[in-house]
Amino acid sequence: MKLPVAELHIHLEGTLEPEAILRLAEQNDIKLPWPSLEHLREQYEFSNLQSFLDLFYTNLAVLRTRADFHEITLAYLRRSDAAGVRHVELFFDPQAHQERGIELGEVIGGIRAGLKEGEERFGITHKLIACFWRHAPAESAMEILRTLVAEGHDVDGIGLDSSELGYPPILFQDVFAYARANGMHVVAHAGEEGPPEYIIQALDLLKVKRIDHGIRCLEDDALVQRLVKERMPLTVCPLSNVRLRTVNTMADHPLKTMLDRGLNVSIHSDDPAYFGGYLDANFEAVKRELGLSTSEQATLAKNSIESSFLDEAGKSSLTAQVDEWLAAEGQDR
Ligand code: HPA
Ligand code: ZN
């Protein structure tokens with residue numbers, strides 16, 4: 001039995017594998033700067049978040065049709081089923097597609113069709129979260145959000161992603177207020193490269209229900225105490241942190257410290273096609289390099305379920321599956 005988990009920090013466009021990028025480029029007649037798979041693969045050395053984003057935004061240009069979005073969503077779910085994912089809250093970047101002239105309805109329709117087929121085939125339940133770019137003006141986010149609401153697009157929540165430094169959450173206060181007033185769930189990336197102050201702003205000004213990444217909270221003791229007290233979820237992405245050099249090596253990753261301090265952390269794959277693996281690879285890496293016990297792994301899984309936007313019945317049923325896994329693991333040893 002695989003450890004059952006909820007994947008809460010996953011960018012759809014970050015699941016585009018190099019082979020799929022070249023195949024879709026050919027199919028959709030998109031010219032990419034890399035002449036071969038080998039050249040493309042050479043681009044996957046990152047020095048920071050921005051160096052990754054530059055490649056990520058170039059490659060996602062191969063996505064053009066509703067069928068493309070359907071196909072990559074389903075491919076992600078197939079791979080994640082094998083990794084133990086039972087529920088997913090999937091991010092996508094609406095601005096990345098709208099600015100290329102693709103209708104929001106095509107993007108969301110394709111993703112929703114993929115999510116529906118994935119639930120039928122693999123039993124993975126889902127939510128869909130539109131992430132706004134913090135490097136773009138808040139007016140752009142607001143305009144898209146108003147369209148999503150006015151046209152009744154099927155989106156469960158909003159998030160905030162892209163380049164963090166220099167773009168504090170306060171810039172998006174009105175956008176998040178509008179989303180909350182319209183019954184949407186709200187989350188934001190904060191404290192990946194940005195300072196603890198950005199986490200505080202996301203909590204106080206955006207009133208988010210989860211912090212994506214959040215690892216720099218450890219630089220502020222009072223903030224850690226607050227996050228523990230509020231049981232604020234932090235969706236940590238270990239392989240991403242190593243590949244984007246926010247931590248030096250996996251052995252230096254603060255995940256265990258965060259667990260030991262009582263923070264509500266869970267682990268996720270972020271952009272698995274770029275960072276060396278899906279959720280199972282993230283679990284393997286932290287087990288190997290940080291020596292996480294079976295019970296710590298179960299805690300991570302239970303935290304992911306508790307931190308999801310599933311209803312209480314959905315949470316209880318998945319949590320019971322984690323206990324079954326724990327019982328089976330105990331018997332194996
Ligand atoms: N951080 C910020 N923005 C992103 C990421 C990330 O890891 N992946 C895709 N957009
Ligand atoms: Zn992310």
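These values consider heavy atoms only, across backbone and side chains, with no hydrogens, waters or symmetry-generated copies. Whatever order the structure lists ligands and atoms in, that order sets their numbers, starting from 1. Since this is a predicted model, take the numbers as computed values, not measurements.
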Angle class for the F46/Y274 ring planes (parallel below 30°, perpendicular above 60°, tilted otherwise)?
tilted
For the residue pair H268 and H11, is the inter-centroid distance of their aromatic rings smaller than 6.0 Å?
no
Give the single entry among C237, S163, S240, S162 that approaches atom 3 (N) of ligand 1 most closely by any heavy atom.
S162
Is ligand 1 less than 4.0 angstrom away from at least one heavy atom of F52?
yes
Look at the N, O or S atoms of C131, main chain and side chain alike, and state whether any lies under 2.8 Å from the Zn ion (ligand 2).
no
Going by the angle between their ring planes, with limits at 30° and 60°, are H9 and H213 parallel, tilted or perpendicular?
perpendicular
With a 4.0 Å cut-off on N to O distance, would you call R243 and D271 a salt bridge?
no
Shortest protein contact, atom 1 (N) of ligand 1 (heavy atom only)
E192 OE1, 3.0 Å
Please confirm whether H9 comes within less than 3.5 Å of ligand 1 when only nitrogen or oxygen atoms on both sides are compared.
no
Tell me whether D81 is salt-bridged to R121, with the criterion being a basic N under 4.0 Å from an acidic carboxylate O.
no
On a heavy-atom basis, which atom in L318 and which in L310 lie closest, and how many Å separate them?
CD1-CD1, 3.8 Å
Counting non-hydrogen protein atoms only, what is the nearest one to atom 8 (N) of ligand 1? Give residue, atom name and distance.
D271 OD2, 2.7 Å
Would you say the Zn ion (ligand 2) has H189 as a near neighbour, meaning an N/O/S atom of that residue under 2.8 Å away?
yes
Can an N, O or S atom be found in H9 less than 2.8 Å away from the Zn ion (ligand 2)?
yes
Atom 7 (O) of ligand 1 - nearest protein heavy atom and its distance
D270 OD2, 2.8 Å
Quick one: does H213 get a heavy atom under 4.0 Å from ligand 1?
yes
Does D93 come within less than 4.0 Å of ligand 1, judged by its heavy atoms?
no
Would you call R180-D174 a salt bridge at under 4.0 Å N-O?
no
Quick look: F91 vs ligand 1, heavy-atom contacts under 4.0 Å, and the answer is neither
Output yes if D270 passes the N/O/S-under-2.8 Å test against the Zn ion (ligand 2); output no otherwise.
yes
By number and element, which atoms of ligand 1 are closer than 4.0 Å to a non-hydrogen atom of L49?
1 (N), 2 (C), 6 (C)
Main chain of K315, side chain of T319: is a donor-acceptor contact present, judged purely on distance under 3.5 Å?
yes
R210 charged N/C atom sitting above F309 aromatic ring, 6.0 Å / 45°:
yes
